[in-house]
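Below is one structure; the comments refer to it alone.
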Amino acid sequence: MMDEIDRKIVAFLQEDATLSVAQLADKVGLSATPCWKRVQKLEAGGVITRRVALVDPEKIGVDLIVYVAIEAGDHTPEWLRTFSKTISAMPEVMEAHRMAGEVDYMLRVAVTGMAEFDSFYKRLIEAVPMRNVTSRFAMERLKYTTAYPLHGARFRDRAGRDQEGQGGG
């Protein structure tokens, strides 16, 4: 289990991955070497999966975000493999989720406009048979973050207790 220092490191890096080790160490109350070792441990453990630059989509010409709900044409491992391979090769697909409920899969697709989305749609339905595809077009982004909430109960404090004051491990 991670402790409060790890939580702080993850929180600061989610906000600004360009912080130097010295800056990060200062923010979390450690010296540079122990802080760097913790970052390396978080990376090795898969908590920190990569560090990237976030880009303003409109400034690079990506003016349309589309949420595509898909009902599978078939519920077989072969269909899923083909579908996964197809969407993995499509750079317009920013996220893909297998869903519970009436919709089987949900995609977040980023394109320059309607003509590019139409081209994407045609390539998608040609590659994989589907029962139904429904698209919803985002008109305005009201909130956007890449930072996940870090719940205190998932971290133990420095005295070895979790954030609720109970024994940690």
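Residue numbers start at 1 and run along the sequence shown. We use all heavy atoms of the structure for the numbers below, so side chains are in, but hydrogens, waters and symmetry mates are not.
For the residue pair Ser20/Gln23, the side-chain donor-acceptor check at 3.5 Å is satisfied.
Taking 4.0 Å as the cut-off between side-chain N and carboxylate O, Glu92 and Arg108 do not count as a salt-bridged pair. Comment: Glu78 engages Arg81 in a salt bridge, judged by a side-chain N to carboxylate O separation of less than 4.0 angstrom.
Without hydrogens or angle criteria, Trp79 side chain to Val128 main chain gives no donor-acceptor distance under 3.5 Å. With hydrogens and angles disregarded, no donor-acceptor distance shorter than 3.5 Å links the side chain of Asn132 to the backbone of Glu71. The backbone N or O of Tyr148 sits less than 3.5 Å from a side-chain atom of Gln14, completing a donor-acceptor pair. Proximity of a side-chain donor or acceptor of Asp6 to a complementary backbone N or O of Asp3 within less than 3.5 Å is detected.
Here the CZ atom belonging to Arg136 is positioned 16.0 Å from the CD1 atom belonging to Ile65, to the nearest 0.5 angstrom. One finds the CG atom of Asp104 at 9.5 Å from the CZ atom of Arg98 (value rounded to the nearest 0.5 Å). Between the CZ atom of Arg50 and the CD atom of Glu43 there is a distance of 13.0 Å, given to the nearest 0.5 Å.
Scanning all heavy atoms of the two residues, the minimum distance from Gly113 to Leu64 falls at C-CD2, 3.7 Å. Counting all heavy atoms, side chain and backbone alike, Leu107 lies closest to Leu124 at CD1-CD2, 4.3 Å. Ala110 and Met94 make their closest contact through CB-CG, 3.7 Å (heavy atoms, listed as atom of the first residue, atom of the second, distance). Between Val66 and Ser135, the shortest heavy-atom contact is CG1-CB, 3.8 Å. Minimum heavy-atom separation, Val133 to Met130: CG2-SD, 3.5 Å. The two residues Ala96 and Ile87 make their nearest non-hydrogen contact at CB-CD1, 3.5 Å.
You'll find the side chain of Ile48 reaches within 4.5 Å of the side chain of Leu13, heavy atoms only. Side-chain contact check for Val111 versus Tyr121: every heavy-atom pair is 4.5 Å or farther apart. At least one side-chain heavy atom of Gln40 sits under 4.5 Å from a side-chain heavy atom of Trp36. The shortest side-chain heavy-atom distance between Thr134 and Met106 does not fall under the 4.5 Å cut-off. With a 4.5 Å cut-off on side-chain heavy atoms, Leu42 and Ile9 count as touching.
Phe83 and Met99 fall into different hydrophobic clusters, where Ile, Leu, Val, Met, Phe, Trp and Tyr are joined by side-chain heavy atoms under 4.5 Å apart, directly or via other members. Under the 4.5 Å side-chain heavy-atom criterion for ILVMFWY residues, a single connected hydrophobic cluster contains both Val21 and Val10. Placement of Val39 and Ile5 within a single hydrophobic cluster is found when ILVMFWY residues are connected by side-chain heavy-atom separations under 4.5 Å, directly or transitively.
Taking the six-membered ring for Trp, Phe137 and Tyr67 have ring centres at least 6.0 Å apart.
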Query - Trace of the side-chain contact (heavy atoms from CB on, under 4.5 Å) decision for Met2 with Val47 - result: CA-CA 10 Å; Met2 296 177 288; Val47 174; 3.9 Å; yes
**Report entry** From CA spacing to verdict: side-chain contact (heavy atoms from CB on, under 4.5 Å), Val93, Phe120
**Finding:** CA-CA 9 Å; Val93 177; Phe120 163 83; 3.6 Å; yes
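Lys27 meets the side-chain contact (heavy atoms from CB on, under 4.5 Å) test with Phe12, Leu19; sequence neighbours excluded.
The 12-atom threshold is exceeded at CZ of Arg123, counting heavy atoms of other residues, nucleotides or ligands nearer than 6.0 Å.
Arg38 pairs in a side chain to side chain contact (heavy atoms under 4.5 Å, CB included) with only one of the listed residues (Val28, Leu30, Thr33, Leu24), which is Leu30.
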